[in-house]
Undergrad: 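Below you'll find the structure I mean.
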Amino acid sequence: MTTHAVPDLLDSEVVTDLRAAVRDLLADRCPVGAVTACYDGDRALVAPLWRALGVDLGLAGLLVDEARGGHGASLREAAAVAEELAAAVAPVPFVTSAVVATTVLAHAGTPEADRLLADLAGGQVTASLVVPWTTAPEGRVPVGATTVRSVAGALEAHVLLVPTRSGSALELRAVPVGDGVGVEPVVSLDMTRQLADVTVDATALASAPVVATDAADAVRAGLRAGAAVLAAEQVGAARRCLVDTVAYLQQRRQFGRVVGGFQALKHRLADLYVDVESMGAAAAFAVGTLVDVDDDLEQALVTAVAAASCSDAAVRVAEEMVQLHAGIAMTWEHPAHLLLKRAKSDQLALGSPEHHRAVVARLADLDPPGTRLE
């Protein structure tokens with residue numbers, strides 16, 4: 001594979017400031033109790049929180065270029081935002097609309113896609129790519145089904161990006177949510193990113209504008225950006241698990257001692273720290289490669305490596321959080337179950353770890369450079 005300069009893995013001053021702004025807003029407007037209420041069907045937090053993040057803070061248009069009313073930022077900034085959102089388990093459509101759908105439209109390059117991008121940048125309109133949430137970047141995009149099951153972001157979406165076939169090409173239509181469109185909520189493991197089954201009738205689909213006539217590369221770019229940012233999201237969740245666990249073990253006392261002083265627990269925490277830092281490096285490298293390296297093979301490889309390693313490690317760190325918090329972590333009021341469910345759900349999102357490892361193995365057999373993934 002062609003050798004490239006190593007992407008910068010450190011936060012810039014802009015990214016640091018963005019992290020702080022998002023963290024402060026979430027501390028003020030995303031209390032644990034309101035997030036937990038999503039599991040009882042109460043989604044009252046979602047709309048006002050997304051308005052504060054997407055409109056007031058401008059995160060909806062983070063990846064939209066300035067000519068269309070966005071900020072023209074890169075995936076590095078989006079990944080930093082995703083980390084902070086995951087730490088609070090914020091129930092907002094950032095990854096599905098502001099990353100995946102936005103990247104798809106940006107790569108479509110049509111006037112119709114540009115107009116929709118401008119709408120997304122304002123934050124008043126959100127979009128969702130209508131594929132199962134388990135669809136991997138290098139996998140096959142399912143088309144032709146009347147109902148697409150387990151779509152992420154559809155409950156909050158105003159516009160659905162529906163892949164269809166036009167001859168031998170993959171076409172993408174922007175279907176407004178309304179008559180002829182059914183969005184049925186599904187009870188999901190992670191109710192802070194609740195899935196839905198989407199049904200679009202033939203009339204609604206036929207009358208919807210085409211935003212991409214040869215959309216295979218655009219859809220792949222959107223899913224690949226989503227997978228890299230999702231790896232960063234897993235880093236944010238895992239880091240929150242570790243920080244909270246260390247803080248708890250510094251306070252909890254047993255046998256007259258702070259339990260964090262026991263050697264066995266120190267070793268377990270050290271292992272978790274290595275996991276989290278390794279995750280951070282893998283996710284940052286994947287995001288940086290997508291930003292700085294214009295090589296399809298290399299982008300696919302580093303994204304698959306990050307997705308596989310981060311998803312497994314995030315679950316491991318979240319499970320250890322539950323174990324090391326003991327009984328209190330089993331209560332509904334404690335955030336441990338929110339973080340564990342997010343980690344377990346993300347483990348299957350945009351491709352399972354097994355799928356991504358298979359992609360890495362397959363890429364090792366290709367003949368670089370210049371080989372195109374199909």
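The figures that follow rest on heavy atoms only: side chains count, while hydrogens, waters and symmetry mates do not.
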Undergrad: Give, for atom CG of D244 and atom NE2 of H334, the distance between the pair rounded to the nearest 0.5 Å.
TA: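 Result: 6.5 Å between the selected atoms.
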Undergrad: Spell out, as yes or no, whether a donor-acceptor pair under 3.5 Å connects the side chain of T102 to the backbone of S97.
TA: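 Side chain of T102 to backbone of S97, a donor-acceptor pair under 3.5 Å: yes, one is there.
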Undergrad: Indicate whether the side chain of R342 and that of T192 have a donor and an acceptor atom separated by less than 3.5 Å.
TA: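 Yes, because at least one side-chain N or O of R342 sits under 3.5 Å from a partner of the opposite role on T192.
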Undergrad: Is the shortest side-chain N to carboxylate O distance from D11 to R76 below 4.0 Å?
TA: no
Undergrad: Please say whether more than 12 non-hydrogen atoms of neighbouring residues, nucleotides or ligands are located less than 6.0 Å from NE2 in H107.
TA: no
Undergrad: Would you give the length of the straight line joining atom NE2 of H71 to atom CG of L62, rounded to the nearest 0.5 angstrom?
TA: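 Here the rounded value is 6.5 Å.
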Undergrad: I'd like to know if the side chain of R173 reaches the main chain of A208, judged simply by a donor and an acceptor atom lying under 3.5 Å from each other, with no hydrogens or angles considered.
TA: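 Yes: the side chain of R173 pairs with the backbone of A208.
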Undergrad: Out of curiosity, D190 CG to L195 CG, how far, rounded to the nearest 0.5 Å?
TA: 8.0 Å
Undergrad: Quick one: does S166's side chain have a donor or acceptor within less than 3.5 Å of a partner on A169's backbone?
TA: no
Undergrad: Does T134 reach the main-chain N or O of G351 with its side chain, forming a donor-acceptor pair under 3.5 Å?
TA: no
Undergrad: For the pair Y39 and H337, name the ring-plane relationship: parallel under 30°, tilted 30 to 60°, perpendicular over 60°.
TA: perpendicular
Undergrad: Are V100 and L53 connected in the hydrophobic side-chain network, where two residues link if heavy atoms are under 4.5 Å apart?
TA: yes
Undergrad: Does atom CZ (R268) have a neighbourhood of more than 12 heavy atoms from anything else shown, all under 6.0 Å?
TA: yes
Undergrad: Hey, are D217 and R224 close enough for a salt bridge, meaning a charged N less than 4.0 Å from a carboxylate O?
TA: no
Undergrad: Charged N to carboxylate O below 4.0 Å: is that the case for E233 and R193?
TA: yes
Undergrad: Checking E77 against S74: is there a side-chain donor and acceptor pair closer than 3.5 Å?
TA: yes
Undergrad: Do the side-chain N and O atoms of T199 and T147 include a donor-acceptor pair separated by under 3.5 angstrom?
TA: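 Note: T199 and T147 side chains meet the donor-acceptor criterion.
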Undergrad: If you measure only the distance, is there a donor-acceptor pair under 3.5 Å linking the side chains of Q124 and D119?
TA: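 Side chains of Q124 and D119: no pair found under 3.5 Å.
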Undergrad: Please report the interatomic distance CG(D201) to CG(D179), rounded to the nearest 0.5 Å.
TA: 9.0 Å
Undergrad: Can you tell me which residue pairs pass the salt bridge (charged side-chain N to carboxylate O under 4.0 Å, His left out) test with a partner in residues 35-55, sequence neighbours excluded?
TA: R43-E156
Undergrad: CZ of R19: more than 12 outside heavy atoms within 6.0 angstrom?
TA: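 Yes, CZ of R19 has more than 12 neighbouring heavy atoms, counting only those of other groups under 6.0 Å.
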Undergrad: To the nearest 0.5 Å, what is the distance between SG (C310) and NE2 (H356)?
TA: 10.5 Å
Undergrad: Take atom CD in E13; do more than 12 heavy atoms of anything else shown fall under 6.0 Å from it?
TA: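 At most 12 heavy atoms, drawn from other residues, nucleotides or ligands, come within 6.0 Å of this atom.
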Undergrad: If you round to the nearest 0.5 Å, how far is CG of D312 from CD of Q347?
TA: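 Spacing of CD (Q347) from CG (D312) equals 5.0 Å.
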